[in-house]
Amino acid sequence: PPPPPPPPPPAPGVTETFESVVDERIFGFGEHQQGKLDNKGVSYDMESCLEYGKSHGGEVCLPYVLCTNSNESGRAPAYGFLWNMPNYGGVAFNAEATVWTATAATQIDYFVTIGTSDPASIMHSYVDAVGHSPMLPSYAAGYWHSRNRYSSQDQLLTAAQTFHNLNINVSIIVIDYHHWVKMGDWSFDPAAWPDVPGMMKNLTGLGMKVMVSAWPFTAVNSTSIDEVQSKGYSVTVQNSSSPSWWDDNNCDAACLLYDATQPDARSYVWSRLAAGYYQYGIKIFWLDASEPEISTHNAQAAADFYNNSLGTGQETGMMFPYFHTQTIHDGLVSEGESEVVMLTRSAWAGMQRWGAALWSGDTSSHWDSLKVSIPAGLNTQLSGIAWWTTDIGGYAGGDPSDPAFRELIVRWFEFGVTCPLFRQHGERATEPWLLGNKTLALVEKIITLRYTMQDYVLDQMTAVSQTGMPVNRPLWFDFPDDPEVWDITTSYMFGDAYLVAPVTDAGVTSQTVYLPAVVGGWTHMWTNKTFSGGGNVTVPAPLGDLPIFQRTV
């Protein structure tokens with residue numbers, strides 16, 4: 001491709017400053033890895049959430065926050081605030097002021113929702129405005145199994161059959177990227193996947209559905225590149241009609257980013273996905289690199305200076321995941337599907353209406369990554385994206401033969417079983433039988449627990465779709481009048497009935513947990529001992545026994 005023209009001069013921007021009190025608490029603003037639940041004192045740069053080299057997909061800027069407006073201890077959030085600006089820019093939650101900025105903006109658009117002292121009413125008002133999640137399909141409440149990557153049909157089917165032979169339930173099995181010949185083919189490489197109909201018949205017989213990875217790029221020499229270029233379906237260079245070539249490491253060639261803001265481009269991409277996957281019964285899509293990914297210097301330049309049908313990247317770039325997920329939703333609905341679920345690595349406000357779930361990005365297989373996943377998931381759900389999951393075991397690293405990793409992944413499974421979606425993924429071999437018989441038995445126990453609780457999870461998902469109530473929520477959400485819970489980031493509610501305190505350190509054999517006072521008390525799942533609440537309790541926490549308490553009614 002030809003070199004891009006020189007960039008235009010810097011675009012003007014706007015800044016809006018809101019007074020704040022020192023003791024105000026600010027929750028939400030998406031998924032971040034700094035380990036904090038309260039965002040007070042933190043600043044964020046919007047565009048950094050697109051830069052894979054910095055975030056590895058674990059930073060997602062969702063511009064909605066739940067805020068307290070009082071320094072009184074035990075006060076529930078009193079308002080929600082949406083910065084409805086898809087521009088690059090940022091926010092600083094300073095001690096005495098919150099400062100929002102937007103590049104290339106000529107107007108300011110924000111939305112405030114207020115409610116009673118009940119934070120649930122604020123969340124309900126917010127999703128009424130931006131969109132409710134649909135009802136989660138029942139199968140999606142089970143176990144999702146994934147790895148980077150099954151490189152052939154035979155390898156995938158061997159793993160699926162082994163799960164079946166071991167009586168380990170798998171609801172969704174995943175085919176990751178590079179199952180194609182070229183990025184943008186949006187179809188299987190027939191050399192590695194020679195009989196997709198036969199494969200799907202086999203997997204259906206095993207009770208498994210398939211999710212397939214689909215990226216938003218098309219590379220030189222792919223089967224779609226000519227049509228995307230000739231019909232103008234890609235983003236273009238700013239102040240030009242020339243395609244903006246997006247240099248991504250995974251394209252293996254120069255590639256174009258499709259313009260998801262164009263209805264015709266969305267329809268075209270869906271037609272290719274339908275021909276490559278849907279026709280075989282594959283209805284679940286994994287939208288990886290959906291920021292869209294910025295992983296090279298040239299991609300950064302393209303992201304800074306491109307146009308889509310709505311404006312420049314600087315003006316609208318944060319909304320790409322919203323329109324990209326709409327491609328899948330609208331495509332499936334056009335085929336007559338009533339259940340839609342997809343997984344994406346980035347998000348924007350309101351994206352939940354399309355049946356899109358978010359995961360925690362390419363985290364590392366370390367205890368610190370597990371620890372920060374708790375506030376990251378809570379804040380994501382407080383931002384309106386209710387379907388959230390994590391790479392159980394971490395994505396990068398992890399040796400299934402290492403006893404230290406075996407301890408970590410069991411604890412991560414314990415955490416994951418109470419997330420809205422229950423999913424393992426990693427760039428290692430992720431089959432649980434590779435962990436040894438002792439660890440395999442513990443993983444099987446946790447997977448079985450998820451299916452035992454599947455009806456409960458679906459009941460909570462009904463509340464999500466109707467009211468926006470998060471499945472996982474900080475303790476202050478349910479107990480705002482208890483001043484002890486406001487600084488707790490290590491435990492949370494799992495729906496209405498369960499309080500969970502995952503183990504996030506090595507070598508732990510017991511766990512001390514604060515239980516709010518409730519009528520009837522709390523019953524520890526594994527010892528069946530009931531506690532009245534209103535203070536700390538210490539319970540045994542051997543490996544495989546998640547510290548979980550059921551609210552007694």
Roughly how far, to the nearest 0.5 Å, is the [atom2] atom of [Y] from the [atom1] atom of [X]?
X	Y	atom1	atom2	answer
R353	T325	CZ	OG1	10.0 Å
M200	I282	CE	CD1	4.5 Å
L62	L82	CG	CG	10.0 Å
S152	M199	OG	CE	10.5 Å
L543	T439	CG	OG1	7.0 Å
M208	N169	CE	CG	8.5 Å

Could you report the tightest heavy-atom contact between [X] and [Y], atom names first, then the distance?
X	Y	result
P137	L458	O-CD2, 4.3 Å
P400	A429	CG-O, 3.6 Å
L421	A140	CD2-O, 3.6 Å
M469	V464	O-CG2, 3.0 Å
R450	A141	NE-O, 2.8 Å
W388	S373	CH2-O, 3.6 Å

**Item:** Within 6.0 angstrom of K40 NZ, more than 12 heavy atoms from elsewhere
**Value:** yes
query: Are there more than 12 heavy atoms of other residues, nucleotides or ligands under 6.0 Å from atom CG of N437?
result: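 No - once you tally the heavy atoms of other residues, nucleotides and ligands closer than 6.0 Å, there are 12 at most.
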Worksheet entry | Test log, rule side chain to side chain contact (heavy atoms under 4.5 Å, CB included), inputs L66 and M123 | CA-CA 8 Å; L66 276 170; M123 289 298 297; 3.8 Å; yes
**Prompt:** Mind checking what makes ring-ring contact (aromatic ring centres under 6.0 Å, His included) contact with Y44, not counting sequence neighbours?
**Reply:**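 Per chain and number, Y44 pairs via ring-ring contact (aromatic ring centres under 6.0 Å, His included) with F29, H32.
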Does [X] have its ring centroid less than 6.0 Å away from the ring centroid of [Y]?
X	Y	answer
W387	W359	no
Y456	F494	yes
W215	H178	no
Y126	H132	no

Under the salt bridge (charged side-chain N to carboxylate O under 4.0 Å, His left out) criterion, do R428 and D399 qualify, and how do the steps go? CA-CA 7 Å; R428 64 190 175 275; D399 178 357; over 6 Å; no
Requested in this report: Decide yes or no on side chain to side chain contact (heavy atoms under 4.5 Å, CB included) for L378 and T489, but give the supporting numbers first.
Outcome: CA-CA 9 Å; L378 293 174; T489 62; over 6 Å; no
Judged by modelled atom types alone, do [X] and [Y] share a side-chain donor-acceptor pair under 3.5 Å?
X	Y	result
T538	S510	no
Y395	S365	no
H145	T430	yes
D482	Y514	yes
S290	T344	yes
T390	S360	yes
T68	Y79	no

The single option from Y150, Y177, W193 that satisfies ring pair (Phe, Tyr, Trp, His ring centres under 6.0 Å) with F188 is W193
Which of Y139, F415, Y143 passes ring pair (Phe, Tyr, Trp, His ring centres under 6.0 Å) with F422? It is Y143
Looking only at atom types and distance, does a side-chain atom of [X] sit under 3.5 Å from a main-chain N or O of [Y], one as donor and one as acceptor?
X	Y	answer
R345	L358	no
W486	P480	yes
S383	I385	no
W522	P516	yes
T98	N94	no
E484	G535	no
Q155	S151	yes
Q33	V372	no
E31	C61	no
S48	D45	yes

For P403, the side-chain contact (heavy atoms from CB on, under 4.5 Å) test, sequence neighbours excluded, returns none
Among pairs that include at least one residue of [range], which meet salt bridge (Lys or Arg N to Asp or Glu O under 4.0 Å), considering only residues two or more places apart or in two chains?
range	result
residues 544-553	K445-D545
residues 494-509	K371-D505, R473-D496
residues 144-160	R147-E431

Check: Only one of Q424, H425, R423 clears side-chain hydrogen bond (donor to acceptor under 3.5 Å, both in side chains) with D391; which?
Finding: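 Filter result, single survivor: R423.
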**Study point:** Audit row: D487, R25, salt bridge (charged side-chain N to carboxylate O under 4.0 Å, His left out) steps and yes/no
**Key:** CA-CA 10 Å; D487 293 319; R25 296 171 184 266; 3.0 Å; yes
*asked:* The test is side chain to side chain contact (heavy atoms under 4.5 Å, CB included); show your working for M453 and V417 and say whether it passes.
replied: CA-CA 9 Å; M453 301 183 77; V417 78; 5.9 Å; no
**Asked** Should the ring pair H524 and F549 be called parallel, tilted or perpendicular, given that the plane angle runs from 0 to 90° and is split at 30 and 60?
**Response**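 Ring orientation, 0 to 90° scale: tilted.
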So W476 and F27, would you call those rings parallel, tilted or perpendicular, with 30° and 60° as cut-offs?
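Tilted: the ring planes of W476 and F27 meet at 30° to 60°.
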Student check: side-chain heavy atoms of L343 and T389 closer than 4.5 Å: yes
With a 4.5 Å heavy-atom cut-off, do V513 and N536 have their side chains touching?
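A side-chain contact is absent here, since even the closest heavy-atom pair is not under 4.5 Å.
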Discussion item. Does T418 form a side chain to side chain contact (heavy atoms under 4.5 Å, CB included) with L546? I'd like the steps, not just the answer.
Written reply: CA-CA 10 Å; T418 64; L546 166 71; 3.6 Å; yes
Looking at residues at least two apart in the chain, or sitting in another chain, which of them share a salt bridge (Lys or Arg N to Asp or Glu O under 4.0 Å) with E444?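 In terms of salt bridge (Lys or Arg N to Asp or Glu O under 4.0 Å), with neighbours along the sequence ignored, E444 is linked to no residue.
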